[in-house]
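Report on one structure; see the data block that follows.
We number each residue from 1, following the sequence as shown.
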Amino acid sequence: MYAAVDLGSNSFRLHIGQHDGEAIRVLKSMREPIRLAAGLDAAGNLTEAAMQAALSCLKNFRATLAGYPLDAVRVVATSAMRVARNSAAFLPAAELAIGHPIEIISGEEEGRLIYMGVANALATPGERRLVMDIGGGSTELILGRGQDIERVESFSLGTVKQSMLFFVGGRVDVPSFEAAILSARSHFEDAAPPYHPQHWKQAYGSSGTIRTIADIIAKNKLGKGDLSAASLEALKQRFIAFGHVSKIEMPGLRPDRASTIIGGLAILIALVHELEIPALQPIEAGLRMGVMWDLYLRSTKRDRREQSVRGLAQKFHADAGRAGRVAEDAAALYLQMKPVADNYSRLLYWSALLHEVGLVVSQTGYHKHAAYLVENADLPGFTTREQKAMSRLILAQKGNLRKVADALSDPDFAKAVVALRLAILFMHSRIELDFAELKLRMKSRIELEIRRELVSDHPTVSYWMEKEQELWDEVGVDFSIRANG
């Protein structure tokens, strides 16, 4: 049983689902219209009112989550939290309110999760398809075949901003709509060609905005009742006839959604024209379903992050033998130090696999280049926080430790750094580690016990060990080494 919480720019949503063999069945769903994107002030900060509304919602979600025997929970935040200048300051309070870590995911990762949710809901495994999602703060376009994603792009254009910018004060008229549509088309026109119909067989709309627009069109018998340029134009004209969002009353549209649906309609009209879409099929699947499928795949050891790491290592021609050896040794050394939690074991392993990717840039300072690449690369499955943690581990693989001194206050991070540095040291010294004869502990100090023959047979080890002691001493950590036998 899994839970997915989506902290969107317009609404916060929760899904609780259970995998029952072939599908994930939704057991519980919640939605609260927080309007986070509308709660950004002129300086780009979340207002106090917006943050308090968000915290209240998260506490309600926490109470609901507590009522289910969940195997895993994942909370993701999208566009509004990506752009809010004070999101980092707000995050600890938000995590405390819901009782789980919150991952601010990139637009590309959002698109991948959306596609995963759609692909698993369809019984057409080899179908070439276009998936689009119009959210409160961003729009995602994803091109794929079956389960495989071929292209994903995120555009910082959403229903909230479009509605606020062009339908000022709730006014709905021809000039407002035309300006909103032209503005949206300008965002997509350069990116449109790869998404034209010759590249796919069926187009799907996964967001609540698209499903709501489709529902309004069907219930009001506009056009032929499908999602096409003609029916969208008919809906636009009906909205214009009302003149103001407060006067819009149509079957299929809740009054509280009218103010953002008009912006979403403008974006959808722009997409249909720029991408030359003849008809769009709404689908009841998307980000939250994708998050739950991702959790399921992780539980069955089919973690997309592993594929991403292997792909990046191959792309930058990392020596697989050296990387694999360092990863295995670092993992074993880390376990010897008995970490408090399991926050870094996988990240350490993946960091070790990628620790030399910076060599593709330069031999000099390759650890810095590798850290930059890992933090900024497009790594499907990873959150920004995970990539930053891996980047810091890779940066700490050699040289002084002052550059990560602030992070060393986390005992498990410090243990991961010790494990990675020693694994690399032993690899460079061509030492085959026998973990039955090597003991590593770390509490208030680092204690390493090794065989005396290991030092005498590898003359450079003594030199590197002395340097390592000096570098840890610079950050206030005692490193003692004892040779036995």
According to ring-ring contact (aromatic ring centres under 6.0 Å, His included), who are the partners of [X], at least two apart in sequence or on a separate chain?
X    : value
F382 : W350
Y344 : F413
F155 : F188

Just verifying a value: how many Å separate K315 NZ and S308 OG, rounded to the nearest 0.5 Å? 11.5 Å
[Y] backbone acceptor or donor facing [X] side chain under 3.5 Å:
X    : Y    : answer
R85  : L46  : no
D412 : A341 : yes
S351 : L347 : yes
W200 : L143 : no
H369 : Y366 : no
E127 : T124 : no
T159 : G264 : no

What I want to check is whether the side chains of [X] and [Y] have a donor and an acceptor closer together than 3.5 Å.
X    : Y    : value
D133 : S206 : yes
T212 : R257 : yes
Y115 : E110 : no
W472 : E468 : yes

Should R62 and T64 count as side-chain neighbours, where that means a heavy-atom distance under 4.5 Å? no
Donor-acceptor pairs under 3.5 Å, side chain of residues 88-105 to any protein atom, not counting sequence neighbours: which ones?
residue, atom, partner, partner atom, Å
E95, OE2, I102, N, 2.9
E95, OE2, R385, NH1, 3.1
E95, OE2, R385, NH2, 2.7
E103, OE1, R74, NE, 2.7
E103, OE1, R74, NH2, 3.0

Can you check side-chain contact (heavy atoms from CB on, under 4.5 Å) on R13 and L7, steps first, answer last? CA-CA 7 Å; R13 297 172 182 264; L7 309 185; over 6 Å; no
Residue pairs passing the ring-ring contact (aromatic ring centres under 6.0 Å, His included) test where at least one lies in residues 10-37, sequence neighbours excluded: H19-W293, H19-Y296
Between side-chain atoms of residues 276-289 and protein atoms elsewhere (two or more places apart, or another chain), which donor-acceptor pairs fall under 3.5 Å?
residue, atom, partner, partner atom, Å
E284, OE1, R211, NE, 3.3
R288, NH1, D6, OD2, 3.1

Does R346 count as lying over the ring of Y349, i.e. NZ or CZ under 6.0 Å from the six-ring centre, within 45 degrees of the axis? yes
If you measure from the Lys or Arg side-chain nitrogens to the Asp or Glu carboxylate oxygens, is any gap between [X] and [Y] under 4.0 Å?
X    : Y    : value
K415 : D410 : no
E150 : R129 : no
R112 : E108 : no

